[in-house]
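Note sheet for the following structure.
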Amino acid sequence: MKKTTRFRQLVNAPQLLMLPVAHDGLSALAIAEAGFEAMAVAGYGSSGSLLGLPDIGLLTATEMLGHYARLIARVDLPVMVDIDTGFGDVNNVIRTVREVERLGAAALFIEDQTYPKRCGHMAGKSVVPVEDYLPKLRAALWAREDPDFVIMARTDAAAVHGLAEAIRRANIYAAAGADMVFVEAVTTVEDMRTVNASVPVPSMANMIEGGRTPFLSAAQLQDVGYAVAAYPCASVFTAVRALRAWAGHLKAHGTSAGFAGPDTMVDFEEYFRFSGAAAMREREKLFFEKGE
C-alpha cells in the first residue's frame, strides 16, 4: 500500500492517530522502533536540530526539504511534513508541494501566518487575510499529483483574532478542499470540543509540554473529537535535557563515568544495532560471498 493511502486511512479511522514528531534521524528511528503507525517532521524540532535556533522562520526551503528527505528515507512509515507558509507565492507553493511528494512524504500542512512565521505557541504571531491564504491553499491542492496525498490547512487565528475567527477560517479552508484542518493554540477543553463540532473534516490537535493547549491523553483527545494528535516538541525537549545533563557531568567530573548507565545512555553495541550498523554489516556479506 502507498504511504499516502495508508496515512489517509489512519486519519479517517475511528481511532485517534498519534503522530510523534521527529527532529532528526535518530529520533525518527526511536519513533519507528516504538511501534507508531506514522510520524511527522516539522519546523520546531528541525530548526533546533539543524541550527540550534528557535522556530521563527529561519530555515530555508532547501534546508527543510533536504532534512525531510533524509528522515523520510530512513524510516518505513508515512510521514507528514510542515511547509510553513509555503516559502513564497503560489508558484513557490506549487514547487514545494511537488518536491515534498517526490521525496516520499505522505502529507503536509501549510499555515496562514505572516512571514516570517513563529511557533504556534509563541506570542507575537500574526496571520494574513483569508484572501491572501486561499490562493496558496488552492495552489497546493492543484499541485499534488497523488490524490491520496493529504493536505492540511492550519490557522493560527485563534491567538490573534479569537476562536470564532479561527473556526470561520477552518471552515473556509475545508470548503476550499483541505483534507484536514488544524486550529492551532486552542486554550480550553471546551474550545477544543467546539472546534471539532464546527468543522466538517478531520481535525488535528497539537500537544506541547508547557504550551497553550490543554495537555490531554490520546483517549481524551479522541473523546473531544480529534482525528490526529501531533507531539511536535517532545523529542527535542528530551534531547536537550539529556545532552545538558551529560555535558554538565563531563565538565564537572572530567569523565562520563558515574553518569553512563542503562537509564542515561546506550552503549557502543546497542547504538551499533540501533543505528543499523549491525544489519548493514550482515548485508555487506551478500556482495563478498564467493561464486560457484
Side-chain angles (χ1 to χ4, degrees), residues 3 19-34 36 38-88 92-93 95-111 113-125 140 152 154 156 182 184 206-211 230-248 250 265-266 271 274-277:
K3 291 180 181 179
L19 207 61
V21 179
H23 67 274
D24 64 5
L26 292 176
S27 57
L29 287 178
I31 290 165
E33 183 183 71
F36 287 97
M39 58 172 279
V41 55
Y44 193 95
S46 298
S47 186
S49 176
L50 291 174
L51 305 179
L53 291 170
D55 182 21
I56 54 172
L58 296 172
L59 283 172
T60 66
T62 301
E63 288 171 325
M64 288 184 79
L65 294 181
H67 184 57
Y68 295 167
R70 288 185 287 274
L71 267 66
I72 289 166
R74 189 64 185 90
V75 295
D76 190 25
L77 290 176
V79 179
M80 181 176 75
V81 306
D82 168 10
I83 64 166
D84 286 349
T85 61
F87 304 110
N92 297 95
V93 170
R95 183 183 179 201
T96 300
V97 170
R98 289 182 172 166
E99 289 293 329
V100 164
E101 278 201 84
R102 289 188 190 106
L103 58 86
L108 65 77
F109 68 87
I110 182 170
E111 64 199 65
Q113 281 198 51
T114 57
Y115 180 84
K117 57 75 55 82
R118 295 175 183 267
C119 164
H121 290 240
M122 290 180 182
K125 295 186 298 181
M152 181 169 68
R154 163 176 160 173
D156 285 74
F182 171 20
E184 175 63 302
N206 217 19
M207 292 289 96
I208 296 179
E209 296 78 3
Y231 302 83
C233 303
S235 71
V236 73
F237 287 174
T238 300
V240 168
R241 173 69 75 185
L243 289 167
R244 290 171 75 179
W246 161 75
L250 182 62
M265 284 188 183
V266 299
Y271 182 79
F274 177 76
S275 66

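Position 1 is the first residue of the sequence; numbering continues from there. This structure is a prediction, so every number in the text was calculated from the model and none was measured.
For the atom pair CD (E99) and OG1 (T62), the distance works out to 9.0 Å, reported to the nearest 0.5 Å. In this structure, the separation between CG on D156 and CD on E184 is 5.5 Å, given to the nearest 0.5 Å. In this structure, N206 CG and F182 CZ are separated by 3.5 Å, a value rounded to the nearest 0.5 Å. L71 CG to L26 CG: the interatomic distance, rounded to the nearest 0.5 Å, is 9.5 Å. Rounded to the nearest 0.5 Å, atoms CZ (R154) and OG1 (T85) are 10.5 Å apart. To the nearest 0.5 Å, atom CG of residue L65 and atom CZ of residue R95 are 8.5 Å apart.
Nearest approach of K3 to A106, heavy atoms of both residues: O-CB, 3.6 Å. In terms of heavy atoms, G43 sits closest to M64 at CA-CE, 4.1 Å. The two residues H23 and V236 make their nearest non-hydrogen contact at ND1-N, 3.6 Å. Contact detail for F109 and M80: the closest heavy-atom pair is CD2-CE, 3.9 Å. Closest approach of S47 and P54 over heavy atoms only: OG-O, 3.0 Å. When all heavy atoms of E63 and L58 are compared, the closest pair comes out as OE1-O, 4.2 Å.
Looking only at distances, a side-chain donor or acceptor of S275 sits under 3.5 Å from a matching main-chain atom of Y271.
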T96 and I110: CA distance, side-chain angles, deciding distance, side chain to side chain contact (heavy atoms under 4.5 Å, CB included) verdict: CA-CA 11 Å; T96 300; I110 182 170; over 6 Å; no
Chi angles and distances behind the side chain to side chain contact (heavy atoms under 4.5 Å, CB included) call for D82, E111: CA-CA 9 Å; D82 168 10; E111 64 199 65; 4.0 Å; yes
CA sep, side-chain torsions, deciding dist, call: F274, E33, side chain to side chain contact (heavy atoms under 4.5 Å, CB included): CA-CA 9 Å; F274 177 76; E33 183 183 71; 3.7 Å; yes
Test log, rule side chain to side chain contact (heavy atoms under 4.5 Å, CB included), inputs H67 and L59: CA-CA 10 Å; H67 184 57; L59 283 172; over 6 Å; no
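In this structure, the side chains of Y44 and F237 come closer than 4.5 Å at one or more pairs of heavy atoms.
The pair E101-R98 does not meet the salt-bridge criterion, since no charged nitrogen lies less than 4.0 angstrom from a carboxylate oxygen.
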